[in-house]
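In what follows, every heavy atom counts, from backbone to side chain, and hydrogens, waters and symmetry copies are set aside. All figures in this text were calculated on a predicted structure; none of them were measured in a lab.
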Amino acid sequence: MAAAEAIVETREIEKYYVQPEGNRIEVIAPTNLAIYPEQILALLGPSGSGKSTLLRMLTGLVPPSAGEVRWHRSPQAEEQANVSIVFQNFALFPWLTVLENVEAPLAARGIADVDRRKRAFKILDTVGLDGFETAFPKELSGGMKQRVGFARALVVEPDVLFMDEPFSALDVLTAENLRGELLELWTSRKMPTRAIFMVTHNIEEAVLLADRVVVLGRNPGRIRADFEVDLPRPRDRKSRRFLELVDHIYKVLTQPDVEHAPPTGPAARQQAAAGQAPAYQMMPHARPGGIAGLLEILIDRGGKEDLYNLADELAMEVSDLLPIIEACSLLHFIRVQEGDVEITPEGKVFAEADILTRKSLFREAALQHVTLLKQIYNALRAKADRTLPDDFFSDILDEHFSAEEAEAQLQTAIHWGRYAEVFDYDAKTGRLHLTEG
């Protein structure tokens with residue numbers, strides 16, 4: 001990394017929540033991260049890895065449970081951090097005009113009327129919204145609303161512009177257009193900010209825009225990769241190096257228990273905690289139908305496919321494809337290696353089987369490889385009447401996950417268990433019943 005002084009630096013910050021019983025649910029493990037000037041940093045990670053939580057701690061919206069965030073070498077509490085955030089849902093005031101929306105943060109800082117109007121007009125012209133100053137948000141398209149969001153964030157000339165999946169709510173063409181405009185403003189130095197920190201789930205977007213990419217693992221969130229993108233701009237998405245970087249990120253995301261050497265630069269930025277396996281196995285939130293569909297697609301492609309090409313051909317976002325990949329890998333139906341996904345002999349048998357045989361094969365694989373389903377199965381077998389309330393398993397999950405994730409884990413387990421005919425579930429009574437005689 002360059003010798004420039006970091007604008008923002010974290011020192012072993014972590015985020016956890018203390019349960020009523022006294023145990024801690026760790027969302028973000030102790031993390032060291034720095035944001036440097038003249039740099040776009042993209043933060044990637046699977047759903048539930050704590051990307052937005054980390055962003056909020058860096059901006060001061062959420063305090064860390066431990067550790068320290070420093071701005072310009074001073075503790076966050078002592079330094080008046082000059083930051084702005086662009087959200088994915090626009091977050092505009094519907095009763096204010098475009099100009100008034102952009103002026104709002106300046107008014108909150110006590111900037112005089114003449115000065116704030118001058119600055120607002122200037123930034124609106126910069127982002128291509130001149131002529132729409134008197135329009136209301138309801139009159140604007142999604143892309144124009146997000147331009148207003150950019151203008152409102154940039155009008156205060158922040159040290160760091162934080163963006164939380166700013167293009168995810170837009171259609172494909174509008175998002176691509178805005179990415180290009182953002183990059184043009186950044187490279188031409190028309191953007192009044194010293195650095196950009198962007199949370200995204202789009203791998204290609206990260207490699208296209210960022211100077212540096214950080215990839216989080218989950219349960220708890222921790223840095224698994226931190227590397228610089230050594231590509232000149234404008235970047236060719238079809239170039240060999242671009243595809244290598246995309247494949248590397250796919251490997252890190254789809255192989256959570258495997259160490260991967262950084263694609264460039266020293267490995268020193270790899271967190272020491274990166275090799276730690278999660279304390280409790282997390283089930284990917286994928287449906288059996290999606291698992292079967294992916295395996296059938298692999299069969300049609302000769303049993304092996306490049307992950308990047310697969311996502312591109314299926315026109316799927318990473319957040320949609322990764323849980324299915326993780327589920328297939330967990331069940332040992334596929335193996336992911338060097339950016340390629342390859343069907344295993346077990347996966348091939350499953351994909352080519354009839355419906356009833358698939359259920360039997362799914363049951364066998366799930367009970368062998370999925371911790372939660374094994375626990376449910378064994379607990380039900382231990383009861384004389386072969387039934388238990390779902391609260392019993394919720395209490396187990398509450399020891400390892402947040403309340404929301406614990407509920408999601410149980411619902412996924414119930415769906416898998418029903419499909420595999422391991423157990424049935426009565427939603428009215430909230431009880432699970434073993435399906436065996």
Ion pair [X]/[Y], N-O distance below 4.0 Å:
X    : Y    : answer
K348 : E342 : no
D211 : R233 : yes
R363 : E421 : no
R418 : D424 : yes
K383 : D385 : yes
R358 : E296 : yes

Residue list, side chain to side chain donor-acceptor pair (under 3.5 Å) with S52, at least two apart or on another chain: D164
Qualifying side chain to side chain donor-acceptor pair (under 3.5 Å) pairs with a residue from residues 138-150, counting only residues at least two apart or across chains: R147-E181
Where at least one partner belongs to residues 165-175, residue pairs that pass side chain to side chain donor-acceptor pair (under 3.5 Å), sequence neighbours excluded: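 Sorted result for residues 165-175: Q88-S168, E165-H201, D171-T174.
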Intermediate values then yes/no, salt bridge (charged side-chain N to carboxylate O under 4.0 Å, His left out), R431 and D390: CA-CA 6 Å; R431 298 186 72 85; D390 55 11; over 6 Å; no
Is [X] reaching over with its side chain to a backbone N or O of [Y], donor-acceptor style, under 3.5 angstrom?
X    : Y    : value
S329 : I325 : no
N177 : L173 : no
N219 : M282 : no
T10  : T31  : yes
N101 : F93  : yes
R224 : V252 : yes
W71  : L58  : yes
R241 : S239 : no
T371 : Q281 : no
N32  : E12  : yes

Partners passing side chain to side chain contact (heavy atoms under 4.5 Å, CB included) against T344 (at least two apart in sequence or in another chain):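 Here the qualifying residues are R335, E346.
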What are the two closest non-hydrogen atoms of [X] and [Y], and how far apart are they?
X    : Y    : result
L44  : A206 : CD1-CB, 3.7 Å
I334 : L295 : CG2-CD2, 3.6 Å
L182 : I196 : CD1-CD1, 4.5 Å
P284 : T412 : O-CG2, 3.6 Å
A34  : L41  : O-CD1, 3.9 Å

Over-ring placement of R179 relative to F167, 6.0 Å and 45° cut-offs: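 Yes.
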Pair listing, ring pair (Phe, Tyr, Trp, His ring centres under 6.0 Å) test, anchored in residues 406-427, at least two apart: F362-W416, F362-Y419
More than 12 heavy atoms of other groups within 6.0 Å of R287 CZ: no
CZ/F132: more than 12 non-hydrogen atoms of other groups inside 6.0 Å: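 Counting neighbours around CZ of F132, 12 or fewer heavy atoms of other residues, nucleotides or ligands fall under 6.0 Å, so no.
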Is the shortest side-chain heavy-atom distance between [X] and [Y] below 4.5 Å?
X    : Y    : answer
L373 : V422 : no
L161 : V86  : yes
F87  : M163 : no
P220 : V27  : no

Point-to-point distance, once rounded to the nearest 0.5 Å, from CD1 of I123 to CG of L129: 10.0 Å
Working for side chain to side chain donor-acceptor pair (under 3.5 Å), residues D354 and T357: CA-CA 5 Å; D354 58 42; T357 305; 2.8 Å; yes
Criterion salt bridge (charged side-chain N to carboxylate O under 4.0 Å, His left out) on E326 and R218, from CA distance to verdict: CA-CA 13 Å; E326 291 176 17; R218 66 182 179 187; 2.7 Å; yes
Which atom pairs, one a donor and one an acceptor, fall under 3.5 Å between side chains of residues 62-70 and the rest of the protein, sequence neighbours left out?
residue	atom	partner	partner atom	Å
S65	OG	Y16	N	3.0
S65	OG	Y16	O	3.1
E68	OE1	R70	NH1	3.0
E68	OE2	R70	NH1	3.2
R70	NE	R73	O	2.9
R70	NH2	R73	O	2.2

Audit row: E405, H285, side chain to side chain donor-acceptor pair (under 3.5 Å) steps and yes/no: CA-CA 10 Å; E405 183 58 38; H285 302 305; 2.9 Å; yes
Test log, rule side chain to side chain donor-acceptor pair (under 3.5 Å), inputs Q368 and E364: CA-CA 6 Å; Q368 184 175 355; E364 181 180 340; over 6 Å; no
